[in-house]
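So you know, we letter chains A, B, ... as the sequences are listed, proteins then strands, and number each from 1. Being a predicted model, the structure only gives us computed values, none of them experimental.
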There are 2 protein chains.
Amino acid sequence: MTADTKGLILDTAEVLFAEGGFASTSLRTITARAGVNLASVNYHFGSKEALIRSLFERRITPMNRKRLSLLDGLRGQHEGAAIPLGALIDAFMRPALGLARDTQQGGAVFLRLLGRSYTEPSTTLQEAIRVMHEPVIEQFKSAFAEALPQLPSEEFYWRMHFMVGLLAYMMSGTDMMRLVASCRRSDPMDTDAMIRRLRVFLSAGMRAPLPEIDSQAGPSG
Amino acid sequence: MTADTKGLILDTAEVLFAEGGFASTSLRTITARAGVNLASVNYHFGSKEALIRSLFERRITPMNRKRLSLLDGLRGQHEGAAIPLGALIDAFMRPALGLARDTQQGGAVFLRLLGRSYTEPSTTLQEAIRVMHEPVIEQFKSAFAEALPQLPSEEFYWRMHFMVGLLAYMMSGTDMMRLVASCRRSDPMDTDAMIRRLRVFLSAGMRAPLPEIDSQAGPSG
DNA sequence: GTCTATAGTCAGATAGAC
DNA sequence: GTCTATCTGACTATAGAC
């Protein structure tokens with residue numbers, strides 16, 4: 001899958017798009033770096049935009065398959081009963097953030113691309129990606145709702161939004177760590193530790209007491 | 001500040017960049033929409049990149065001034081003692097997310113731009129913005145550290161990162177709400193409610209019990 | 001399937017008149 | 001400060017030989 005032209009283009013494009021963004025990375029740069037002919041992109045994919053869509057599909061499909069299989073596993077473990085919140089968060093995040101480990105096959109690079117796609121201006125791409133995620137989101141949404149039965153639905157949706165948002169941000173992997181810390185990340189990428197920290201953080205947030213409507217200080221000062 | 005050419009360019013560029021991103025929005029489009037001459041961008045700003053930097057400086061400077069003045073106010077209120085976490089989060093988020101309300105003067109548009117800047121590929125721009133934020137981050141970092149004295153420093157940095165990340169995502173204002181919910185946002189933009197919800201969520205996350213090192217399920221399952 | 005060559009478009013930047 | 005006109009270069013996409 002890496003030897004043929006099509007795969008070479010995909011792999012190279014993934015790296016270059018992650019570094020420079022979609023608009024500023026030209027097909028010329030991609031094909032030159034891949035060592036293939038300029039025209040081959042249009043032959044194999046039809047257009048630049050179609051190439052980008054293929055890129056996302058190639059990674060998102062197996063990732064979401066893994067998510068659903070983890071969820072099924074959890075459902076089996078807890079037959080009928082609600083799945084614990086932490087386990088759900090784990091099943092949702094791990095197939096995505098686990099790509100960070102996959103330095104070999106380009107998954108780590110793709111992770112940044114995926115994270116960035118959430119804030120990308122292109123409407124058509126966003127819509128395409130939304131469709132790829134839709135069934136997974138539906139499944140997890142109801143599992144999360146069962147895990148948090150006491151949460152009013154409006155509150156629930158906001159918190160789901162917060163969770164997905166933070167995940168997206170962590171995926172984009174900006175080195176904003178530097179902004180907040182003088183420390184550079186100690187381990188090159190200790191994914192397990194990060195997932196554990198995220199799960200703890202998010203579990204607490206999702207379960208936070210309801211905000212009081214009238215108070216400015218709330219229950220959290 | 002809106003009548004002169006320079007201001008007109010800034011206002012127009014802000015809107016167009018927020019809609020289409022930096023790379024895909026041309027100076028031609030901007031100047032045409034603004035009703036000014038193409039050459040005036042280079043006359044007033046020197047280059048496209050310099051225009052973008054000016055854009056960010058114009059908004060970030062007063063925003064960060066507000067943050068610091070809120071922090072000073074809190075310090076005065078709690079002379080010597082640690083400032084409560086919720087109040088700190090509020091002082092940090094409000095000047096940023098409050099821009100969402102400023103539909104009149106373009107602040108709402110800028111908010112999306114600022115959120116997106118955290119995941120933007122351009123290294124030079126990211127570095128410039130990082131420098132603009134640096135003093136504010138330093139001040140808040142130590143205030144947060146005082147509010148969370150029991151947190152080990154590595155844990156502390158990660159959670160600060162999570163907080164900033166979620167804020168950045170919410171600023172970018174992607175309509176991912178749709179992804180997670182069938183509901184469109186009920187209020188056009190109830191900033192106060194959102195800030196309250198974010199504060200509750202983040203307060204709980206920042207104060208979550210420490211993750212256990214050996215356990216997969218952690219204290220949060 | 002792969003290549004060369006090129007069409008057709010648009011970009012950022014600048015020179016120089018007013 | 002503002003304008004027109006233009007330079008120079010880059011881009012996506014395609015036609016057509018091999």
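With A:S203 contributing its side chain and A:V200 its backbone, the two residues share no donor-acceptor pair below 3.5 Å. Side-chain atoms of A:D90 do not come within 3.5 Å of backbone N or O of A:R199 as any donor-acceptor pair.
Atom CG in A:L8 sits about 14 Å away from atom P in C:dG1, given to the nearest Å. Across the protein-nucleic acid pair, B:D4 atom CG and D:dG1 atom P stand 9 Å apart, rounded to whole Å.
Sorted by first and then second residue, the pairs that involve residues 10-48 of chain B and meet ring pair (Phe, Tyr, Trp, His ring centres under 6.0 Å), not counting sequence neighbours, are B:F17-B:F22.
Within 4.0 Å (heavy atoms only), A:S26 reaches sugar-phosphate atoms of the nucleic acid but no base atom.
The phosphate of C:dG1 (OP1 or OP2) has no side-chain N or O of A:N37 nearer than 4.0 angstrom. For the OP1/OP2 pair of C:dT2 and a distance below 4.0 Å, the side-chain nitrogens and oxygens of A:T5 include at least one atom meeting the criterion.
Residues B:R58 and B:F110 form no side-chain contact, since every pair of their non-hydrogen atoms from C-beta on lies 4.5 Å or further apart. Side-chain atoms of B:M170 and A:H161, non-hydrogen and from C-beta on, do get closer than 4.5 Å to each other.
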Between the protein and nucleotides 13-18 of chain D, list the N/O to N/O atom pairs that are separated by less than 3.5 angstrom.
unit_1, atom_1, unit_2, atom_2, d
D:dA13, OP2, A:K48, N, 3.1

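Ion pairing between B:R53 and B:E49 holds under the 4.0 Å rule for side-chain N and carboxylate O.
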